[in-house]
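Structure record follows, encoded as structure tokens.
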Amino acid sequence: MSDSFDPTPDDRFTFGLWTVGNPGADPFGPRVRPSISPTEIVAGLAKVGAYGVNLHDNDLVPFGASAAERDRIVADFKQACEDHGLAVPMATTNLFSHPVFRDGAFTSSNPKVRAYAIQKVMRSIETGIELGAKINVFWGGREGLETDAAKDTRDAIKWYRECLDFLCAWTKDQGWEQKFALEAKPNEPRSEIFLPTTGHMLHFIETLEHSEMCGVNPETAHENMPGLSMVHAVAQAMEVDKLFHIDLNAQKIGRYDQDLRFGSEDVKGAFFLVRLLEGTGGYAPYTGPLHFDSHAYRTEDIDGVWDFARGSMRTYKILAAKAKVFDADPEVQQLLAATHADPDGVAGLMNSYSGSNAAAISDMAHDPEAMAAVGHRYERLDQIAMEHLLGVR
Ligand code: DIG
Ligand code: MN
Ligand code: MN
């Protein structure tokens, strides 16, 4: 049965090869599903209505493949994407699986490992360019440590910066337009991960030589793992035009990185995130790819994997429709107008400094008790949001 929540390529939904291709292994048990090839994944994603497919270098080209094998594999994949009308918006490099990166890649204490990591990213960016990717994600999965005896964090941050500055300069030197999207995750798989949240990344980006080509790729699970709000991480990134990509999924608080189907846990958090991305509350919407960095439960067979993919996209579209209705709700508009009211034009005094504005603020008469007595009606506002979500309004 089809309905208005069926995804189309216009929705910009993407999945990584490693998401629907996840065979279900976990630290306590082997794979439960047969592998599906990159070209089969492309056909399957096109069939469920996705816009694009993303990849780590080694999701497509096996580690250590010859140049000739690499060229054949990439050409076949590119052809499959063209045949099925799938875009490749984002590429990324696996700097976390091979044991050479066990002390990190960009932050390894061994400069030869750091140089090898740069080289591996160069090859991965070349593959991304060949496939049409405009965004390159950097997830520093192994950039961390188990003991602070290993290295001074300042050295690690310096090496991280050197590697990214070098790769930004190299990419520009090739004449390529690329957006580097830095992805944070705390405390996994290393005991401590450098730059563990989107907030840390946003500051770090400002210290880079080519900060203009660097932004963030926040992931729901990674912000939620330490109990932080994905909505606020994304809003802060959007506020400075640094939301270059996004990894959508779901997470139960206090667990390992679960990468669950989008919206399947914190529904209210997913609702306010989609509202932010869709811009129904008044700000400009996010226009980049909507990537689901997640995978099906280990309980699932291949049919369940495609249920997972369809559910991810449908939930996003259902929440987008609810966000639109919420922000068009007259009572919501009235409550927000009332709590943001500025009858005396005070806000204008603070958004630009002048001597007269300073005098006006300095001399302004206030009645703190009267101001303190006013409630904000957020209970009513949140109840309305809940009733929209619960389908009774
Ligand atoms: C994990 O959340 C990371 C890796 O899967 C990948 O490097 C990145 C791309 O979305 N997310
Ligand atoms: Mn994750
Ligand atoms: Mn991710």
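Counting starts at 1 for both ligands and their atoms, following the listed order.
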Taking only non-hydrogen atoms of V137 and a 4.0 Å limit, the atoms of ligand 1 in range are 8 (C), 9 (C)
For ligand 1, which part of N94 has a heavy atom less than 4.0 Å away: the side chain, the backbone, both, or neither? neither
Side chain, backbone, both or neither: the part of M90 lying under 4.0 Å from ligand 1 by heavy atom: side chain
Minimum heavy-atom distance between C214 and F244, given as atom pair plus value: C-CE2, 3.3 Å
Side-chain donor-acceptor pair present, T207, R161, cut-off under 3.5 Å: yes
Sphere of radius 2.8 Å around the Mn ion (ligand 3) - protein N, O or S atoms inside: E183 OE2, E219 OE1, D247 OD2, D293 OD2
Just go through E219, H222, H56, E188 and tell me whose heavy atom is the nearest to atom 4 (C) of ligand 1. H56
If I consider every N, O or S atom in D257, which one ends up closest to the Mn ion (ligand 2)? I only need its name. OD2
What atoms in ligand 1 come closer than 4.0 Å to a heavy atom of N217? 10 (O)
Does G288 offer a backbone N or O that forms a donor-acceptor pair with the side chain of R12 under 3.5 Å? yes
Heavy-atom pair of closest approach, residues E130 and V74: OE2-CG1, 3.4 Å
W139 vs D247 side-chain heavy atoms within contact, under 4.5 Å: no
H291 heavy atoms within 4.0 Å reach ligand 1 at atoms 10 (O)
Before accepting this row, confirm whether a basic side-chain N of the pair K185/D257 lies closer than 4.0 Å to the acidic partner's carboxylate O. yes
Would you mind running through ligand 1 and noting each atom that sits below 4.0 Å from a heavy atom of D247? 8 (C), 9 (C), 10 (O), 11 (N)
For E183, the atoms of ligand 1 under 4.0 Å from one of its heavy atoms are 1 (C), 2 (O), 3 (C), 8 (C), 9 (C), 10 (O), 11 (N)
Taking distance alone, with N or O pairs closer than 3.5 Å, would you say D257 contacts ligand 1? no
Heavy atoms of T198 and A184 approach each other most closely as N-CB, 3.6 Å
Suppose we call two aromatic rings close when their centres sit under 6.0 Å apart. Are F13 and Y316 close by that rule? yes
Hey, is E209 close enough to K172 for a salt bridge, meaning N to O under 4.0 Å? no
Whether N224 side chain and L228 backbone form a donor-acceptor pair below 3.5 Å: yes
